[in-house]
Amino acid sequence: MLKIYIRSAIRVLIRNRSITLINIAGLAIGMAIFIMIALYVSNELTGDKYHVNLERIARVETSEFVALPMLMKKMIGTDLPGIEKVVRISYMYNTAYLWNGKNTFKVSDLLVADPEVLDVFSFNLVKGNPATALKEPRSLVISESNARKFFGDENPIGKTLRYNSTFNFVITGVMSDLPSNSSIWAGMITGVDLVKELGTPDYLDDYNDWSHYVFVLLSPNVSLTEGRTQIHNKLNREIQALIGQNDFVIDFRLNPMKSLYLKKGAQTDSLQHGSKQVIITYLAIGLFILLIAIVNFINLSNAASYKRNREIGLKKIVGASKGSLLVQLLIESVLLSFISLVVALLLFQLLYPLFNKLTLANIHPRGVYNTAGLLLCVGLAFITGITAGLYPAVYLARFKPAYILKGSTESSRSGIYTRRLLLMFQFAISVILIISAWVIYHQVHYARNMELGFNKQHIVYFSGRGNIPSHYTAFADAIMKIPGIQQIGVTSAMPGYSNMTWGPKVDGIDRRFDAIACDPDFIEMLELQLTEGRNFIKGSESDINKAYIVNETFVKQFELKSPLGISVREGKIVGVVKDFTYQKANNMIGPMAMVYMPELARLISIKISPHQVPQTIASIEKVWNNFAPGVPFEYSFLDESFDRLYKKEERLFNLFGYFSLLAVIIACMGIAGLALYTARIKTREISIRRVYGAPQSAIVTLMFKEFVIWLQLAGIIAWPASYYIMNEWLSQFAYHIPIKWWIFISSTIAASLLALSVVLFHAIRVIRTNPSVVFRT
């Protein structure tokens, strides 16, 4: 019996080739997009699941900050019964130049950590001993991909890599590449000795630098609440003793590792995170586009039902039951869905590289071509087939033979309204996507062009390497002799990338604020506006490591009536600058201080003339090569790097743009099918109107009436939904655009014109049909 049903279904699909091809195309696109998004969502929801001790790992945080001082490990100690191990990790020196004896490579994935990192986290060592790999100073564990990059097929154990032309790392282990959904990202790991070696001698005992991460491994059977209580009490006792204030309390918390990937902290966080909001957004887009394709199927099947009426009526007369007809019609739908799945998998092969590029995802065909993946695809095709075919099947199976055989082929009033409502639904989704793409585009444009409070033009910067840090004065003098060089300065961070947080006393009270180490030239280069006080005095012993210039928010938030001369750490405030954007537009401007600390200022910034830029850069490189021979000269322009801050939003815009286009294309496929069948039904009526002299514009209007009102209603329905969605998205930005009314109207008009152009095409075809041909048929 099943064989007969399938054979009959194939005949029907072939007989209705036009509608079959439209349905296959729509369903295939919808399925391909849904499969890609499903793989992405699956990957995001399984973040950090590779850690064996996942349930027992947690990051120590406060109610305000996720980064803590290195000193915290010593403060936690080894005597807490609920804490088995404590490990610190830091990305302070994640960028480095490593020389393998032949070539120099720039790396940006160096993780500094305690030796216990290999015990707490499941970083699988394929070579080397985890118990001893990071015990010795200057030991280095590298990933398999880095091992191939540096040493090819040779065994890297025992080999050396020269770090920034200063000393050698010894390779003591090779680990498997970390998965893309790992919170901790690292291509190589070295011990915390590097921080002590490159920083000040007492850096590991410094309480004021809140720039690192502290993880704990809870003892077996110890709850998160118990562990948090022990750490909270112990750390506050230690801090109170350190600062001499018994009433000072910090709210320490434990953020479980199992939720860390999708739970970014309040402070700037260097760990890698997914986003629940992005997951929900992508999943909604995938479901919406698949629903648009399903609605197409339902609509076209419903519209084409008049061609099946006589067939269904005859089958009922000869004894076919309603159930058997329902099964036959559902088999047609499911068969078409499985054909669409095959086409969808071909589209997936073509589109997944583009999807990865747009989203920075890491989906791969192996996620589909395995038992679980193929079962999910089969389930998707079956559910899609049943969902898409159920209403048309019930609609056709319920026809009464007597009514059908009278020759009535017009669709029922309920069928007409159903088609129109479904058309409104799919078109409304298309408009929502288009409006969202427009709002995202304008927000990105606004963020890139907003008033920043500093000059970002014609400033090139790079990290000081080789002998440059120890011979900076000579290097700066050589640079200033180059024609076209206007200024040179140093800083610890460029605007947009500041993430160093300090917690020293300000006027005797412990405060938390963002900090940038720089020199007076850097402040002049950015053209920051001093509202009170003065700039640093270059080379002044009374200013170096002691002078602070704060922003206006620092003064307001800490209620400093007369900020000049106020004590900060071991120094004092010498100036106040007007607020400027030192982070992304997502963040409100917070309290920030610039301190004259040359030893922490590792970035060199140069202001150049806008004329003959290539020649100026080439001259800078020549000076660089004299001071850092063998180290590649890599630089960035401040305006370009600031634009890169919004790559995530730009990717989201591109994604919405592509998906909006696909949604409109699928919707237009459905409109094309409906227009085709509307034209066929109204061909005789139109021919009669033409014989009686009706103008072509009247014929086009007749065709448009079937669609235009419903398309506009769909647009209006989409407006409140898109406003709510985009308002929620914009709320993540401290500074954002208002949602303008014209975006809603223009998006609806643009989508309507595209849809109606499809209707116009079919209207013209009908107009060109000779009436005599119609009357003879």
Side-chain angles (χ1 to χ4, degrees), residues 24-51 54 145 176-185 258-263 272-294 337-385 387-388 429 433 436 647-648 651-663 665-666:
I24 289 175
L27 286 176
I29 293 173
M31 285 182 178
I33 291 173
F34 186 81
I35 289 170
M36 288 187 290
I37 290 178
L39 288 178
Y40 169 79
V41 169
S42 175
N43 185 69
E44 292 296 280
L45 293 178
T46 55
D48 288 329
K49 293 294 190 292
Y50 69 98
H51 293 298
L54 183 64
S145 58
S176 301
D177 287 354
L178 300 185
S180 61
N181 57 354
S182 173
S183 297
I184 298 175
W185 50 275
K258 63 183 179 182
S259 61
L260 187 60
Y261 185 73
L262 294 176
K263 187 179 179 182
Q272 182 169 272
H273 294 278
S275 168
K276 290 181 181 178
Q277 184 184 41
V278 171
I279 289 173
I280 293 170
T281 300
Y282 285 12
L283 195 56
I285 289 173
L287 285 171
F288 282 158
I289 291 180
L290 185 59
L291 279 174
I292 289 175
I294 291 173
S337 181
F338 273 94
I339 295 172
S340 300
L341 175 63
V342 174
V343 179
L345 292 175
L346 294 175
L347 287 175
F348 170 79
Q349 290 289 142
L350 295 173
L351 296 177
Y352 87 86
L354 176 62
F355 181 83
N356 284 341
K357 183 179 179 180
L358 288 174
T359 63
L360 292 187
N362 192 33
I363 65 171
H364 194 274
R366 62 173 172 264
V368 175
Y369 301 122
N370 56 57
T371 303
L374 290 175
L375 285 174
L376 286 174
C377 287
V378 169
L380 173 65
F382 184 78
I383 292 172
T384 301
T387 305
I429 292 174
L433 292 174
S436 300
K647 283 293 182 183
K648 175 184 174 183
R651 287 195 303 271
L652 191 62
F653 161 69
N654 290 333
L655 191 72
F656 265 88
Y658 280 109
F659 283 166
S660 299
L661 180 61
L662 288 173
I665 288 173
I666 296 173

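- Annotation for N370 and G373: closest pair OD1-N, 2.6 Å, computed over non-hydrogen atoms.
- Annotation: side chain of Y40 is not in contact with side chain of L283 (no heavy-atom distance under 4.5 Å).
- Partner of L347 under the side-chain contact (heavy atoms from CB on, under 4.5 Å) criterion, chosen from V342, I33, I35, I29: I29.
- To the nearest 0.5 Å, atom CG of residue L260 and atom CD of residue Q272 are 11.0 Å apart.
- In terms of the ring pair (Phe, Tyr, Trp, His ring centres under 6.0 Å) criterion, F355 has no residue partners (sequence neighbours excluded).
- Looking at D177, its side chain does come within 3.5 Å of a backbone N or O of S145 through a donor-acceptor pair.
- More than 12 heavy atoms of other residues, nucleotides or ligands shown are found within 6.0 angstrom of NZ on K49.
- If you take OG1 on T384 and CZ on F382, they are separated by 11.0 Å, rounding to the nearest 0.5 Å.
- With values rounded to the nearest 0.5 angstrom, E44 atom CD is found 12.5 Å from I37 atom CD1.
- Contact record, C377 with L341: O-CD2, 3.6 Å, taken as the closest heavy-atom pair.
- Note that CZ of F338 is 9.0 Å distant from CG of L380, once rounded to the nearest 0.5 Å.
- Scored by the ring pair (Phe, Tyr, Trp, His ring centres under 6.0 Å) test, F288 finds no partners at all (sequence neighbours excluded).
- Between A28 and A344, the shortest heavy-atom contact is O-CB, 3.4 Å.
- Summarising the geometry of G26 relative to A293, their closest heavy-atom pair is O-CB, 3.2 Å, with the distance given to 0.1 Å.
- When the shell of 6.0 Å around OH of Y369 is examined, it contains more than 12 heavy atoms from other residues, nucleotides or ligands.
- Atom CD1 of residue I429 and atom CD1 of residue I285 lie 11.5 Å apart, to the nearest 0.5 angstrom.
- Heavy atoms from other residues, nucleotides or ligands lying under 6.0 Å from OH of Y50 number more than 12.
- Closest non-hydrogen pair, S337 versus A381, comes out as OG-O, 2.6 Å.
- No side-chain heavy atom of K258 sits under 4.5 Å from any side-chain heavy atom of D48.
- With rounding to the nearest 0.5 angstrom, the CG atom of N43 is 4.0 Å from the OG atom of S180.
- Contact check for Y658 versus L351: no side-chain heavy atoms found under the 4.5 Å cut-off.
- Looking at N356, its side chain does come within 3.5 Å of a backbone N or O of I363 through a donor-acceptor pair.
- In this structure a side-chain-to-backbone donor-acceptor pair under 3.5 Å is missing from Q349 to P365.
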